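Computed from a predicted structure; not experimentally measured.
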There are 2 protein chains.
Amino acid sequence: MRIGELAEQAGTTTRTLRYYESRGLLPARRDGNGHREYDETDLRLLRQIRMLQDFGFGLEDTRPFVECLQAGHPAGDSCPTSLAVYRAKLAELDACIGRMQEIRTEVAAQLARAEVELSAGLPGGPDPQCALAHGSAPPLREAQEEATT
Amino acid sequence: MRIGELAEQAGTTTRTLRYYESRGLLPARRDGNGHREYDETDLRLLRQIRMLQDFGFGLEDTRPFVECLQAGHPAGDSCPTSLAVYRAKLAELDACIGRMQEIRTEVAAQLARAEVELSAGLPGGPDPQCALAHGSAPPLREAQEEATT
DNA sequence: GCTGGCCTTGACGCCGACGTCAAGGCCTAC
DNA sequence: GTAGGCCTTGACGTCGGCGTCAAGGCCAGC
């Protein structure tokens with residue numbers, strides 16, 4: 001099958017396939033006209049890459065899986081190197097999720113505080129010079145120092 | 001104070017401050033030599049921006065906070081537009097965290113399945129042609145934080 | 001023979017938040 | 001005078017994963 005068909009089968013674009021080839025993943029045979037030729041094996045390879053990409057893996061992270069398949073293993077994750085990538089990615093995910101939850105907590109705290117201050121300052125505070133074009137800016141008097149935590 | 005000192009106070013670089021200025025945040029006065037001049041107000045502005053950046057906010061997302069401070073409000077989040085950004089970012093964070101947890105679950109499932117298959121296949125399975133030089137130590141990757149989309 | 005459709009390679013564009021370099025100006029100290 | 005240290009503007013580089021041309025080749029159908 002040719003590049004356009006493979007791209008369609010995998011739900012991606014020809015540009016992407018050529019990019020993968022340029023990165024050394026997904027090699028291609030050529031027919032008489034120099035056109036790339038693919039088979040079902042390549043489709044499986046490609047689907048493997050796409051799945052990992054959907055997980056947020058970088059292209060380089062998919063390489064062990066690709067090499068594993070190319071070596072004749074039944075699946076991309078039939079090799080220890082692939083499993084190592086899984087584990088590393090799990091650790092990354094955990095770290096990332098944890099960090100984002102921390103941030104979420106902090107932002108929520110900021111929002112809550114600011115809401116209280118706004119509602120407390122609204123009834124009759126001074127009026128800062130609001131030369132802003134995008135609408136009303138309600139007054140507020142209570143100032144706060146550093147909010148780094 | 002001059003740009004180098006402000007950068008140091010805020011724990012950032014002069015390049016960053018000039019970049020902020022070019023984006024219309026953090027304007028600067030000039031002295032006789034054309035050098036930028038800042039004061040404590042600018043430092044507070046800058047700290048506000050940096051805090052939001054640390055939360056993973058894009059620079060454009062900090063603009064309402066900056067304008068709020070510049071309008072004379074006591075804090076960057078003393079304005080409704082800033083609160084709206086907080087809320088939007090919370091929603092983004094929730095979506096992002098949720099997505100990453102889904103992914104985490106899927107990856108963990110893949111890993112578990114692959115581990116079982118490996119241990120089941122190892123004792124006496126076929127030996128694919130492994131022409132790969134996979135004896136090197138696993139690459140240590142830095143954990144990267146994904147921005148909220 | 002001509003149009004249309006698929007393919008080829010090559011190269012620049014994009015996004016964000018800067019890093020890094022280049023060339024030059026001004027002031028201070030020695 | 002000259003070395004050093006701060007500052008200025010401008011412009012190109014970075015990272016990933018492609019998108020988007022541009023210019024051209026080959027083949028099928030009419």
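Checking A:R18 against A:S22 by side-chain atom types alone, no donor-acceptor pair falls below 3.5 Å. Between B:R50 and B:Y20, the side chains place a donor N or O and an acceptor N or O closer than 3.5 Å (distance only, hydrogens not considered). In this structure, a donor-acceptor pair under 3.5 Å is present between the side chains of A:Q110 and A:R113.
Residue contacts for B:R30: at a heavy-atom cut-off of 4.0 Å it reaches the sugar-phosphate backbone alone, with no base atom in range.
Rounded to whole angstrom, the span from the CG atom of A:L17 across to the P atom of D:dG19 amounts to 10 Å. Counting to the nearest Å, the C1' atom of C:dG16 and the CZ atom of B:R63 are 14 Å from each other. As rounded to whole Å, 13 Å separates atom P of C:dA17 from atom CG of B:D54. Atom CG of B:L52 is separated from atom C1' of C:dA17 by 15 Å (rounded to the nearest Å). Atom CD1 of B:I3 is separated from atom P of C:dC18 by 13 Å (rounded to the nearest Å). Atoms NE2 (B:H35) and P (D:dC7) sit 8 Å apart, rounded to a whole Å. Residue B:L26 contributes atom CG, which lies 15 Å from atom C1' of C:dC18 at whole-angstrom precision.
The side chain of B:R36 contributes an N or O atom lying less than 4.0 Å from OP1 or OP2 of D:dT8. Contact check, B:N33 against C:dC27: a side-chain N or O comes under 4.0 Å of OP1 or OP2. One finds no side-chain N or O of A:R18 lying less than 4.0 angstrom from the OP1 or OP2 phosphate oxygen of C:dT9.
A cation-pi arrangement, defined by a distance under 6.0 Å to the six-membered ring centre and an angle within 45 degrees of its axis, is absent between B:K89 and B:F55.
Here the closest non-hydrogen pair linking A:R99 and B:D54 is NH2-O, 3.4 Å. Of all non-hydrogen atoms in B:D42 and B:L26, the two that sit nearest each other are O-CD1, 3.9 Å.
Salt-bridge annotation for A:E115 and B:R87: present, with a side-chain N of the basic residue lying under 4.0 Å from a carboxylate O of the acidic one.
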Whether each nucleotide of nucleotides 12-18 of chain D has a protein heavy atom under 4.0 Å at its base (B), only at its sugar-phosphate (S) or at neither (-) is summarised, 5' to 3', as -----BB

